Structure formats: C-alpha cells, structure tokens
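Here the structure comes first, spelled out in structure tokens, and everything after it is commentary.
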Amino acid sequence: VHDSADLGRFIYEHFRATGWMRAMGVWGQAVGIMGLMNLARRLGASKYRNAAILAGEYLKSLQIVNPADERNHGGFREHTPQTPWSYPRDAATGGMGLCALYKETGQEEYLQRAMWFAEWYHRFGSDSGGWPFSYFDFRKGRGGYTGGEVVGEEDNANRERVKGDWQAGGGLVYWQLYKLTGENK
C-alpha cells in the first residue's frame with residue numbers, strides 16, 4: 001500500500017477466500033524481527049536484515065517515548081501507535097525484539113529503548129510483588145488482571161487472569177538485557 005503508515009508491519013492473518021486480513025501487533029513484530037535477523041545471519045542475505053530493520057521501525061512506533069509521562073514511558077501499545085492499552089506479556093516480546101536489533105546492528109537507540117521498556121515493565125507493567133499485569137491501560141496509567149476495554153475481546157474483559165500466566169517473556173527480556181549490559185538491575 002503506497003504511503004502506508006504500516007510500512008514494515010507484518011500481517012497476522014489473511015483469509016484468502018474473503019480477502020479479510022489483520023495486521024500484526026507488538027509481539028509478532030518482535031518475533032518476525034528475531035527470525036529475520038537469524039535468517040540473515042545464517043544465509044548472509046542482507047535483504048532479510050533490511051526487512052528486520054524496517055520491521056523495527058514499525059516496532060519503535062508502538063513504543064511510548066515520553067519521559068514526562070512516567071507511568072507510560074517505555075511501554076508498548078498492543079496493535080497500533082494509537083492503541084490505548086497493552087498486554088505486558090506481549091510487550092515483553094517487543095523488548096526482546098529491541099534487544100535483537102541492538103545485538104545485530106550495534107545501534108544504541110535499540111538498547112536504550114529496551115532499557116526504557118524494562119524499567120516500565122518493572123515499575124508500572126507489573127504489580128508490587130513483581131508479577132506482570134495481564135493488561136495495562138495507558139489512559140489511566142495502570143494495569144490489572146482483567147482484560148479492560150479491549151475491542152474484540154469483550155468476552156474476556158471481566159475474567160480474572162492468573163498472575164504469571166503467559167509471562168515467560170518478562171524473564172527473557174531481563175536476561176537478554178543483563179547479557180547485553182552486564183547490569184543486574
């Protein structure tokens with residue numbers, strides 16, 4: 001699509017029979033980036049590396065970068081740069097995508113953004129016991145364990161989630177940052 005704001009964005013699903021499709025959110029962008037970077041390294045093909053970097057530009061557009069808005073700074077919006085909420089578990093994968101981009105390119109901006117994310121994830125995307133929230137509302141600047149006001153997931157909106165459910169990504173992004181920086185924080 002010419003002049004699309006989705007430049008670099010992956011497709012989540014496409015139904016050929018109807019032509020209906022849905023674009024990818026934060027977690028899939030990051031998984032695609034990591035896969036493309038591995039493919040580029042194995043095959044020595046710059047086209048895969050270039051595609052991963054382009055996908056990284058879209059990933060960056062999902063991250064809130066506003067140090068004046070402490071409760072949201074560093075968090076990732078779930079689907080589009082306008083989405084007012086996040087699943088922190090998916091956002092953790094976005095952090096891993098930034099780590100992969102830094103590791104492969106050496107560009108400090110990726111590492112800085114990954115650290116902003118980890119700080120947000122720890123301070124605001126998780127509860128006082130360190131368990132990541134299942135949902136975070138950027139308008140309210142707080143998270144919780146119910147689905148919130150997610151369009152298309154109304155059936156799950158008031159269902160209480162189990163602390164830690166689907167949360168392996170948080171540990172992985174912290175580990176990757178430790179390996180990249182040597183910082184225990």
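When reading the values below, keep in mind they use all heavy atoms of this one structure, side chains included, and skip hydrogens, waters and symmetry mates. None of these values were measured; they are calculated from a predicted model.
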Other residues, nucleotides, ligands: >12 heavy atoms within 6.0 Å of Arg41 CZ
yes
Do Tyr12 and Tyr58 land in one hydrophobic cluster if side-chain heavy atoms of ILVMFWY residues count as linked below 4.5 Å?
yes
At what distance, to the nearest 0.5 angstrom, does OG1 of Thr93 lie from CD of Gln29?
12.0 Å
CA sep, side-chain torsions, deciding dist, call: Thr80, Arg9, side-chain contact (heavy atoms from CB on, under 4.5 Å):
CA-CA 10 Å; Thr80 72; Arg9 189 174 189 188; 4.0 Å; yes
Quick note, side-chain hydrogen bond (donor to acceptor under 3.5 Å, both in side chains) partners involving residues 44-57, not counting sequence neighbours, are Glu57-Lys60
Give me the ring orientation class for Trp116 and His73: parallel if the planes are under 30° apart, tilted from 30 to 60°, perpendicular past 60°.
tilted
Trace of the side-chain contact (heavy atoms from CB on, under 4.5 Å) decision for Glu13 with Trp20
CA-CA 8 Å; Glu13 57 190 352; Trp20 188 87; 3.6 Å; yes
For Phe138, which residues count as a side chain to side chain contact (heavy atoms under 4.5 Å, CB included) partner, sequence neighbours excluded?
Ile64, Asn72, Arg77, Ser86, Trp120, Phe136
Shortest non-hydrogen separation from Ala118 to Leu177 and the atoms involved
CB-CD1, 3.4 Å
side-chain contact (heavy atoms from CB on, under 4.5 Å) between Trp85 and His79: does it pass, once the steps are laid out?
CA-CA 9 Å; Trp85 56 273; His79 292 293; 3.8 Å; yes
Criterion side-chain contact (heavy atoms from CB on, under 4.5 Å) on Arg113 and Leu59, from CA distance to verdict:
CA-CA 11 Å; Arg113 284 172 171 268; Leu59 179 66; over 6 Å; no
Shortest non-hydrogen contact between Gly25 and Leu62, atoms and distance:
C-CD1, 4.4 Å
Sequence-distant partners of His14, side chain to side chain contact (heavy atoms under 4.5 Å, CB included), two or more places apart:
Ile11, Arg16, Met21
Side chains of Met24 and Val31: does their closest heavy-atom pair fall under 4.5 Å?
no
Rounded distance (nearest 0.5 Å) linking atom OH of Tyr174 with atom NZ of Lys185:
10.5 Å
Does atom NE2 of His122 have more than 12 heavy-atom neighbours, drawn from other residues, nucleotides or ligands, at distances under 6.0 Å?
no
Considering only heavy atoms from C-beta outward, does the side chain of Lys140 approach that of Arg71 to under 4.5 Å?
no
Could you pull out the closest heavy-atom pair between Pro132 and Ser126, with the gap in Å?
CA-OG, 3.4 Å
Same cluster (ILVMFWY, side-chain, under 4.5 Å), Trp175 and Leu180:
no
Evaluate the side-chain proximity of Tyr145 to Asp127: yes if any heavy-atom separation is below 4.5 Å, no if none is.
yes
Interatomic distance, CG@Leu98 vs CD@Gln112, rounded to 0.5 Å, equals 11.0 Å
Correct closest heavy-atom pair for Met34 and Ala100 would be CG-CB, 3.7 Å
Using side-chain heavy atoms (C-beta onward) and a distance below 4.5 Å, is Tyr110 in contact with Glu104?
no
Measure across Glu108 and Tyr102 and return the closest heavy-atom pair with its distance rounded to 0.1 Å.
OE2-OH, 3.5 Å
For Gly97 versus Ile33, what's the shortest heavy-atom pair and its separation?
O-CG2, 4.1 Å
